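Sequence lines set the chain letters: A, B, ... in the order given, protein chains first and strands last, and positions in each chain run from 1. Treat the numbers as computed from the prediction; the structure is a model and nothing was measured.
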Amino acid sequence: MAIQQLSVFLENKPGTLSKLTQVLANNKINMKAMSLADTYDFGIARIITEDINACADILRQNNYVVNITSVLALNIANQAGSLNNILKIFSENSCNVEYMYGFTGKKTNSACMIVRTTDVSKSESILQSAGIELLNTEDLSEI
Amino acid sequence: MSEKYYQEELECMPREDIKKLQNERLLTQFKHAYENVEYYRNRCDEAGVNPSNFKGLEDLDRLPFMYKDDLRATYPYGLFAVPMNEVVRLHASSGTTGKQIVVGYTQGDLDIWDDLTARHLTAVGATKNDFVHVSYGYGLFTGGFGLHGGATKIGATVIPVSSGNTNRQITIMKDFGSTVLCCTPSYALFMGETLKEMGLKPEDLHLKAGIFGAEPWTEEMRKEIEKSLGLKAYDIYGLTEIMGPGVAFECSEQNGMHVNEDHFIIETIDPKTGKRLPDGEKGEIVFSCLTRKAFPLLRFRTKDIGILNTCKCSCGRTFIRMSKPMGRTDDMLIIRGVNVFPSQIETVLLQEGYQANYQIIVGRENNVDTFEVQVEMTEDKFSDVVAEVRQKELDLSNALQTVLSIKAKVTLVAPKSIPRSEGKAKRVIDTRNLH
């Protein structure tokens with residue numbers, strides 16, 4: 001099962017990112033995961049929160065351009081080689097990874113990788129066949 | 001240096017003789033245009049003016065104005081006044097802002113053109129002993145052939161290099177011995193930089209003078225060109241619709257450009273009312289061709305703004321002087337030598353699915369025009385993948401290049417970051433300070 005991720009367009013100017021986090025703070029939005037991709041002119045902040053649609057609305061009201069995408073949240077063992085196993089499965093099945101970011105939480109023996117692939121449903125079925133655990137948004141709160 | 005004239009008796013004619021000559025030629029030219037150009041005849045009939053009631057110079061303001069749109073509407077040969085087998089040359093504008101403007105010349109028209117650029121070459125000190133290096137583009141553009149003709153007329157050794165391949169141009173200037181350079185001012189600046197990069201100094205060249213035009217340029221640019229190339233830089237003015245370079249030229253006093261009044265009438269008008277303004281008042285420049293037979297354009301509104309100066313000139317020439325163009329009546333920009341209208345950019349943006357929330361920023365870096373279009377990002381253009389958003393910027397840049405024929409840097413910016421305005425939006429920020 002895929003989860004929703006919010007991406008936000010940010011101009012590459014000083015203060016842009018802190019303005020965003022201020023809006024999130026003012027609206028009491030807690031991010032579960034976040035990554036920031038950058039190019040010369042602009043950046044894209046990718047955020048996972050509990051209620052993506054509510055967050056999207058709030059950001060739109062504050063004149064942000066946002067996008068909601070389906071991504072996969074993989075539960076993997078927190079040890080050397082576990083990410084490598086996942087990526088081997090992807091490459092054997094010609095699944096293309098656009099980007100990924102990972103984090104660990106309270107449970108020290110597992111980690112979560114947020115992965116965006118080109119074909120989400122194809123990747124989903126391949127991972128499930130391989131016995132990889134996919135998390136939903138509620139599961140993320142437990143990490 | 002004592003003043004040199006190519007046609008002294010004409011260039012230094014008393015003012016009354018100029019007026020008499022203009023009057024005679026205007027009567028002949030009007031009849032020629034009226035009888036041979038149907039489109040113009042219809043315009044004149046609408047205005048109630050024809051050869052039997054037209055009295056010449058005193059009646060000039062009865063003649064209808066002609067606009068670039070008229071030239072587009074009659075593309076390609078609708079304003080030609082002679083049979084095509086008498087037209088020995090065609091030139092045209094680039095056509096980036098619409099249909100190409102096509103103009104024609106009889107052999108007589110070409111001879112006159114040669115004389116007029118010869119006047120300028122002579123004024124800057126060029127003779128048959130000089131090597132005239134023509135780096136204006138040769139082709140449908142009037143620049144290359146215009147200066148080529150004049151240089152040939154004075155018997156100079158002409159080096160018809162055209163533009164491009166700058167390192168080679170510098171080598172040619174050094175080895176072939178170029179003494180007079182003719183090109184656009186920004187190209188001259190670029191040549192100055194290239195010279196330095198090649199490890200050479202102005203003393204390694206043999207240049208003494210340069211004739212620069214086809215785009216606006218400032219006193220600062222002049223000083224920079226003179227310093228980096230070791231020559232005296234002169235301004236030349238012209239436009240395809242009227243003839244090409246040589247309509248007006250800067251003399252040794254370098255305080256305005258003498259209009260070749262034996263061949264052109266220059267007026268300044270109020271752009272809103274069309275009323276003629278007294279000399280010395282800033283207005284839109286209007287030209288009438290007095291001697292051109294293939295394309296006898298009368299009262300053409302250039303949309304350039306300028307001032308006319310009737311003061312006596314120390315060079316001895318009696319022709320009226322026009323200032324450098326001081327701006328436009330429309331919002332046209334000239335970027336890297338190409339005419340650009342903000343409305344063209346707006347059209348492309350809307351076609352590509354953006355909204356008309358944009359800003360055009362034109363600047364200058366290393367003597368080259370920089371051109372950036374900032375447009376607000378919208379949700380439907382956004383994606384979570386950086387490469388896709390970057391591709392959108394490139395797609396827009398390509399779409400603009402197809403229409404404008406120059407490359408713009410496209411920057412997608414945050415929504416609502418481009419100022420909105422109550423009245424006419426200020427779309428263009430031009431930091432070049434050209435006027």
Trainee: Quick check on the structure: residues of residues 42-55 of chain A within a heavy-atom distance below 4.5 Å of chain B, by number.
Mentor: A:F42, A:I44, A:R46

Trainee: Take atom NZ of A:K122 as the centre, draw a 6.0 Å sphere, and report whether it contains more than 12 heavy atoms from other residues, nucleotides or ligands.
Mentor: yes

Trainee: Roughly how far apart are B:D384 CG and A:Q5 CD, rounded to 0.5 Å?
Mentor: 6.0 Å

Trainee: Side chain, backbone, both or neither: which part of B:E393 has a non-hydrogen atom closer than 4.5 Å to chain A?
Mentor: side chain

Trainee: More than 12 foreign heavy atoms under 6.0 Å from CD of A:E92: is that the case here?
Mentor: yes

Trainee: Using heavy-atom distances under 4.5 Å, tell me whether A:V8 contacts chain B through its side chain, its backbone, both, or neither.
Mentor: backbone

Trainee: For A:Y64, what residues pass the ring-ring contact (aromatic ring centres under 6.0 Å, His included) criterion, not counting sequence neighbours?
Mentor: none

Trainee: When rounded to the nearest 0.5 angstrom, what distance separates CG in A:D41 from CD in B:E372?
Mentor: 7.5 Å

Trainee: If I compare all heavy atoms of B:E379 with all of A:V66, which pair ends up nearest, and what's the gap?
Mentor: CG-O, 3.0 Å

Trainee: Counting neighbours of NZ on B:K409 that are heavy atoms of other residues, nucleotides or ligands and sit closer than 6.0 Å, is the number greater than 12?
Mentor: yes

Trainee: Contact part of B:S417 toward chain A, heavy-atom cut-off under 4.5 Å: side chain, backbone, both or neither?
Mentor: side chain

Trainee: Provide the closest heavy-atom pair for B:P415 versus A:N63 in the form atom of the first, atom of the second, distance.
Mentor: CG-O, 3.3 Å

Trainee: What residues of residues 13-38 of chain A sit under 4.5 Å from chain B when you count only heavy atoms?
Mentor: A:A37

Trainee: Run the side-chain hydrogen bond (donor to acceptor under 3.5 Å, both in side chains) test against B:D330 and tell me which residues pass, sequence neighbours left out.
Mentor: B:R328

Trainee: Which pair of non-hydrogen atoms, one from A:F9 and one from B:F382, has the smallest distance, and what is that distance?
Mentor: N-CZ, 3.3 Å

Trainee: Report the distance from atom CD of B:E376 to atom CD of A:E11, rounding to the nearest 0.5 Å.
Mentor: 9.0 Å

Trainee: With a 4.5 Å cut-off on heavy-atom pairs, point out which of B:V386, B:D380, B:V413, B:T378 contacts chain A the most.
Mentor: B:V413

